[in-house]
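One structure is given below, encoded as structure tokens.
Reckoned from all heavy atoms, side chains included, excluding hydrogens, waters and symmetry mates. Below, chains carry the letters A, B, ... as their sequence lines are ordered, and counting in each starts from 1.
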Number of protein chains: 2
Amino acid sequence: MTTQIPEGDEADRPLRADAARNRQLILDTAAEVFAEHGLDAGYDEIARRAGIGVGTVYRRFPERDELVQALFESRIREIVTIAEEATTRPDPWDGLVWFLERALERQVADRGLKEAMVRTVDQDAHMTIGREQLGPLIEAMVVRAQADGTLRSDVEATDLGVSLMLMSSITTPQQPELWRRYLALFLDGLRARPDQGPLPLIAPADESMHAMMCNLHGTRP
Amino acid sequence: MTTQIPEGDEADRPLRADAARNRQLILDTAAEVFAEHGLDAGYDEIARRAGIGVGTVYRRFPERDELVQALFESRIREIVTIAEEATTRPDPWDGLVWFLERALERQVADRGLKEAMVRTVDQDAHMTIGREQLGPLIEAMVVRAQADGTLRSDVEATDLGVSLMLMSSITTPQQPELWRRYLALFLDGLRARPDQGPLPLIAPADESMHAMMCNLHGTRP
DNA sequence: AGTGAAACGGAAGAGACTTTCCGCTTTCGC
DNA sequence: GCGAAAGCGGAAAGTCTCTTCCGTTTCACT
């Protein structure tokens, strides 16, 4: 169907002042709640903290995905920007490490972002920015660092995706930055060395990644 | 699986024949269900598969912990035995790798075992075998491999615990053994090398480990 | 076989969440 | 200022699980 007629009715009509105010309030509160409890936090918790009724939240965001997208699209785009900058840094290895650290700092601080990043890998999510833009950029980092001879040659882009997911789980209230310790260890393993043998098995394909995310978190789809 | 009919605590009264038969049926079925769905699988799923009523399961194991303990004590003890053997292998580094591989093979195949191992770290769980026996054995492996000069000197026993937990999540239906790839990378990072600087941050203490397990899995306590 | 206690099954109850619905309130164009 | 329509709150209905309870069945002992 290729109708020229715009969706008119629904799309153009601006929100009433109170509705617009509440929409923003919901976004702000949801950001906070999702950061703490993840993307599956109950709407009632958001409503309670925002001091409004649950119905209001459901009316504005009938599909949870709309809320998630509204909140995290820009955050993920921010990570894409970091990745872009990483690929242009003078030293390829430093660029790669710099990217991982920046990305992890953000994911570790916000459980919602971490889960949104996972959905990025998800086949049919409409969080395509990540999948379509981040993938190639990481690939570029890998190629560059391998050409430079600092990254071991049998590492692939998905390996970095896996490590991001793993590291982002390593935080505790006592040691919020604990992930840095294991990132350091892991990076030492990624470094090209004269004596090292080939890695066992092939790097995971996208569908493997997806399955892995699912049992790493509780996310089912 | 051949578990006896110990009971005993309150009264020495032995179970009636049908009850004893069902107890064993529950254990066998629960082993299967837990392996698939983890320790939080519903009692009704166990009952359904065993072809008995839910009430029967609740009567025999009013506390889920009793069922978990009955099922996994011997499995964890098996891992302790592996650790013991690892500390006596001629080459310390090989011993350490051998232990990690054997332990992971078991944990990856059984989601219930993986979660039971996590509870091993848990402060007030009555799954003390792991905490009290496994810890010192891993410590011994670390000391031995460091004395040998193969394991980097700033690695600690808890670091291995963390790596076990991380790796045990890396499986997919497509590549069930994918963990081996990342274990290889991680091990390369653990190896002592002349050029390496010190690791950032200190290794996690037991309470940190516990907190980490909790948000790695969905387990709350 | 007969009897009482133990055990069984599964329906009903309890709880925690999620989602909808509807009477009342607020906004906005006139 | 007024009225129609959009929006609001939160109680109620719907879902999903986990757990208990009780009438019926099975077992062990005489």
If only side-chain N and O atoms of A/N22 are considered, is one of them under 4.0 Å from the OP1 or OP2 phosphate oxygen of D/dG7? no

Base, sugar-phosphate or nothing for B/G42? Non-hydrogen atoms, less than 4.0 Å. sugar-phosphate

Looking only at D/dA28, C/dC8, C/dT18, the nucleotide nearest the A/Y58 side chain is C/dT18

Pairwise side-chain hydrogen bond (donor to acceptor under 3.5 Å, both in side chains) hits with a residue in residues 154-167 of chain B, at least two apart: A/R181-B/D159, A/Y182-B/D159, B/R152-B/D154

Atom pair distance, as rounded to whole Å: CD1 in B/I46 and P in D/dC18: 10 Å

Please state whether the phosphate of C/dT18, meaning OP1 or OP2, lies under 4.0 angstrom from any side-chain nitrogen or oxygen of A/Y43. no

With a non-hydrogen cut-off below 4.0 angstrom, is A/D44 in contact with a base, only sugar-phosphate, or nothing? base

Which whole-number value in Å describes the distance from A/D18 CG to D/dA5 C1'? 12 Å

With sequence neighbours left out, what residues match B/R64 under salt bridge (charged side-chain N to carboxylate O under 4.0 Å, His left out)? none

Specify the separation, in whole Å, of atom CG of A/D40 and atom P of C/dT18. 9 Å

Can a donor-acceptor pair under 3.5 Å be found between the side-chain atoms of A/R16 and the base atoms of D/dA6? yes

Ignoring backbone atoms, test whether B/R60 places a side-chain nitrogen or oxygen under 4.0 Å from the OP1 or OP2 oxygen of C/dC8. yes

From CZ of B/F61 across to P of D/dC18 the rounded distance in Å is 18 Å

Answer yes when B/E101 and B/R106 have at least one side-chain N-carboxylate O distance shorter than 4.0 Å, and no when they do not. no

Indicate yes or no: does A/E36 engage A/R111 in a salt bridge with an N to O separation below 4.0 Å. no

Distance in angstrom units between B/I52 CD1 and C/dG9 P, rounded: 6 Å

Pairing of A/E78 and A/R102 as salt bridge, 4.0 angstrom limit: no

When all nucleic acid strands are considered with a 4.0 Å heavy-atom cut-off, which category describes A/R21: base, sugar-phosphate, or nothing? sugar-phosphate

Round to the nearest Å and state the distance from B/L25 atom CG to C/dG9 atom P. 9 Å

Both B/R64 and B/A17 contact DNA chain D. Taking the nearest nucleotide for each, which residue is further toward the 5' end? B/R64

Counting just side-chain N and O atoms, does A/R59 come under 4.0 Å of either OP1 or OP2 of D/dC8? yes

With a 4.0 Å limit, can you tell me whether A/T56 has a side-chain N or O closer than that to the phosphate oxygens OP1/OP2 of D/dG9? yes

